[in-house]
Student: 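Questions regarding the structure given below will be posed in turn.
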2 protein chains.
Amino acid sequence: MTRRTTPQPNRETLTRQRVLQAAVELANAGGLGALSMRKLGEAVGVEAMSLYNHVANKEDLLDGMVDLVFGEVALPAPGDDWRQAMRQRAISMRLVLSRHRWAIGLMESRSTPGPATLRHHDAVLGCLRRGGFSLTLTAHAVSVLDSYIYGFALQEKALPFDSPQETAELAESITSGFGDGEYPYLTEIATAHVMRPGYAYGDEFEFGLDLVLDGLQKAAG
Amino acid sequence: MTRRTTPQPNRETLTRQRVLQAAVELANAGGLGALSMRKLGEAVGVEAMSLYNHVANKEDLLDGMVDLVFGEVALPAPGDDWRQAMRQRAISMRLVLSRHRWAIGLMESRSTPGPATLRHHDAVLGCLRRGGFSLTLTAHAVSVLDSYIYGFALQEKALPFDSPQETAELAESITSGFGDGEYPYLTEIATAHVMRPGYAYGDEFEFGLDLVLDGLQKAAG
DNA sequence: CAAAGGGGCTTACGCCGTAAGTAGAGCACT
DNA sequence: AGTGCTCTACTTACGGCGTAAGCCCCTTTG
């Protein structure tokens, strides 16, 4: 046994990828508030300061996390009909954003997009251009589609409940707090619509999505 | 001079309103990051801990700020045509959200709405119901409209520039960073569309808004 | 086998939100 | 007038944050 030690067999070398993935897992589990450099270091078995060998600073870490999330979104297949492709893209994006609820709040202010983000946007633009959209209409379409998707994800995130049952409980607690006449229409929709069995806000997504796609199809002529 | 001191004539008593307004001003000036209890105390001429006489904690402070912002949005007038009223409401909301860019990032996770927020939502629901919308269609309409408005505001906030000139500069710096073939459609839209004189992303808002309103009108039959 | 470089660790600084305790002024009683 | 309650503001302190600066030792290379 002249060999000193094996090259740390029990601790595989840290990489940017491993750091980013651990950060995403931390954020998934406890929200962005649970993600600190110290806790992230602990999660990957390293002191906080050692993380700075792999990320420039926390901004850079967040940028990398956002790009990782974008990488999970299914790219529109080049051969597909634009409408079909955009529909699938939107649904995939919403799925990804609901898997990583912290991400939507992070896309504000992240102004240095990573490669997966750029690839995603390029694929979306290409799908529309090849589908016959003019430059101007392509810009309109991307704006309205992304606004709708992000905005829906934002609202969905703001809801502090997941199951229909929790929804009903919250709606009841809100309406019972006021006199009947104070917010009549809120009371009406809470009692007669939201509290119906089987209600789930997420089901609203496809209604708006198809509404937007219809409008774009008409505009494309 | 038997009287000890006058009852502090030069310092008007602090109120929740004054605290909230100062907090909004701080956030307007320097973003949410510039808003700390210490700085807010300094702004109103008081130590940080004294603020807790008027707000329960920072969460409560943020809740109050959001409600203050909602109070700035013009309520739909009861007599108006639903489409006209919803259009004006959307434009007013976007204007308010661009005056307070920090607010959109805050509406995530604020789950205890204040009176102005409730009044706003009740007025919107009422406008649609009186316009003949069924309960289900009203829920659809609110979802798609709010998603679009918030999502647009979110994207607008993410843009790190305000003037058309800054936009062009950024677009050029992005496209020049890659080989021509890497992101062809991004390059195309950046050079041939975004960099045109007079381009401003904000102009996209009304296209999507009218698209959504058209779709709702059709759905309302 | 020595030199060099790099990944990891320790320490420290100035922020943050806020719990806990204190002081003084205004008011309502006797 | 005295007594005590309440309300506002201040002070101090704690644990956590991002990260700058410096050191240490292991690995690679000549």
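Residue numbering restarts at 1 for every chain, and letters A, B, ... go by the order of the sequence lines. Everything quoted here is computed from the prediction, not taken from an experiment.
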Student: Answer yes if the side chains of His120(A) and Arg89(A) hold a donor-acceptor pair under 3.5 Å, and no otherwise.
Tutor: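 Yes, a side-chain donor-acceptor pair sits under 3.5 Å.
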
Student: Suppose the criterion is salt bridge (Lys or Arg N to Asp or Glu O under 4.0 Å): which pairs have a residue in residues 20-34 of chain B, not counting sequence neighbours?
Tutor: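 Residue pairs passing salt bridge (Lys or Arg N to Asp or Glu O under 4.0 Å), neighbours aside: none found.
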
Student: On DNA chain C, check which nucleotide each of Asn53(A) and Ala48(A) is closest to and give me the residue with the more 5' one.
Tutor: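 Nearest-nucleotide comparison on DNA chain C picks Asn53(A).
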
Student: Within this structure, what is the CZ-to-P distance between Arg18(A) and dG7(C), rounded to whole angstrom?
Tutor: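 Spelled out: CZ on Arg18(A) to P on dG7(C) is 15 Å.
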
Student: Taking atom P of dG7(C) as reference, at what distance in whole Å does atom CG of Leu14(A) sit?
Tutor: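 That distance rounds to 10 Å.
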
Student: What pairs of nitrogen or oxygen atoms, one from the protein and one from nucleotides 12-16 of chain C, lie under 3.5 Å apart?
Tutor:
| unit_1 | atom_1 | unit_2 | atom_2 | d |
| --- | --- | --- | --- | --- |
| dC16(C) | OP1 | Ser36(B) | OG | 2.8 |

Student: Calculate the interatomic distance between Asn57(B) atom CG and dG17(C) atom P; express it in whole Å.
Tutor: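 Interatomic distance, CG of Asn57(B) to P of dG17(C): 11 Å.
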
Student: What nucleotide, of dT19(D), dA9(D), dT18(C), holds the atom closest to the side chain of Val46(B)?
Tutor: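 Comparing dT19(D), dA9(D), dT18(C) against the side chain of Val46(B), the answer is dA9(D).
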
Student: Please name all residues satisfying side chain to side chain contact (heavy atoms under 4.5 Å, CB included) with Glu72(A), sequence neighbours left out, ordered by chain then number.
Tutor: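 Once residues adjacent in sequence are excluded, the partners of Glu72(A) under the side chain to side chain contact (heavy atoms under 4.5 Å, CB included) criterion are Val96(A), Arg99(A), His100(A).
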
Student: If the condition is salt bridge (Lys or Arg N to Asp or Glu O under 4.0 Å), which residues does Arg87(A) pass it with, not counting sequence neighbours?
Tutor: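 Applying salt bridge (Lys or Arg N to Asp or Glu O under 4.0 Å) to Arg87(A) gives Glu206(A), Asp210(A).
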
Student: Counting side-chain heavy atoms from C-beta on, which of dC9(C), dG18(D), dG17(C) comes nearest to Tyr52(B)?
Tutor: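 In terms of side-chain proximity for Tyr52(B), the closest of dC9(C), dG18(D), dG17(C) is dG17(C).
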
Student: Compare side-chain N and O positions of His54(B) against OP1 and OP2 of dA9(D) and report whether any pair is under 4.0 Å apart.
Tutor: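 Yes, His54(B) has a side-chain N/O under 4.0 Å of OP1/OP2 on dA9(D).
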
Student: What integer distance in Å separates Asp60(B):CG from dT18(C):C1'?
Tutor: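 Checked: the CG to C1' distance equals 14 Å.
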
Student: Please report, rounded to the nearest Å, how far the P atom of dA20(D) is from the CD atom of Glu47(A).
Tutor: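 Roughly 17 Å, once rounded to whole Å.
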
Student: How long is the line joining CD of Glu42(B) and C1' of dA9(D), in whole Å?
Tutor: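 Value for this atom pair: 16 Å.
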
Student: Take atom CG of Leu51(B) and atom P of dT11(D), then tell me their distance rounded to the nearest Å.
Tutor: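 Rounded to whole Å, this separation is 14 Å.
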
Student: Calculate, to the nearest 0.5 Å, the distance between atoms NE2 and CZ belonging to His121(B) and Phe70(B) respectively.
Tutor: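 Taking NE2 in His121(B) and CZ in Phe70(B), the distance rounds to 4.5 Å.
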
Student: Suppose the criterion is salt bridge (Lys or Arg N to Asp or Glu O under 4.0 Å): which pairs have a residue in residues 50-66 of chain B, not counting sequence neighbours?
Tutor: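 Every pair satisfying salt bridge (Lys or Arg N to Asp or Glu O under 4.0 Å) with a residue in residues 50-66 of chain B: Arg16(B)-Asp60(B), Glu59(B)-Arg110(B), Asp63(B)-Arg110(B).
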
Student: With sequence neighbours excluded, what pairs up with Glu188(A) under the salt bridge (Lys or Arg N to Asp or Glu O under 4.0 Å) test?
Tutor: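 Only Arg129(B) meet the salt bridge (Lys or Arg N to Asp or Glu O under 4.0 Å) criterion with Glu188(A).
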
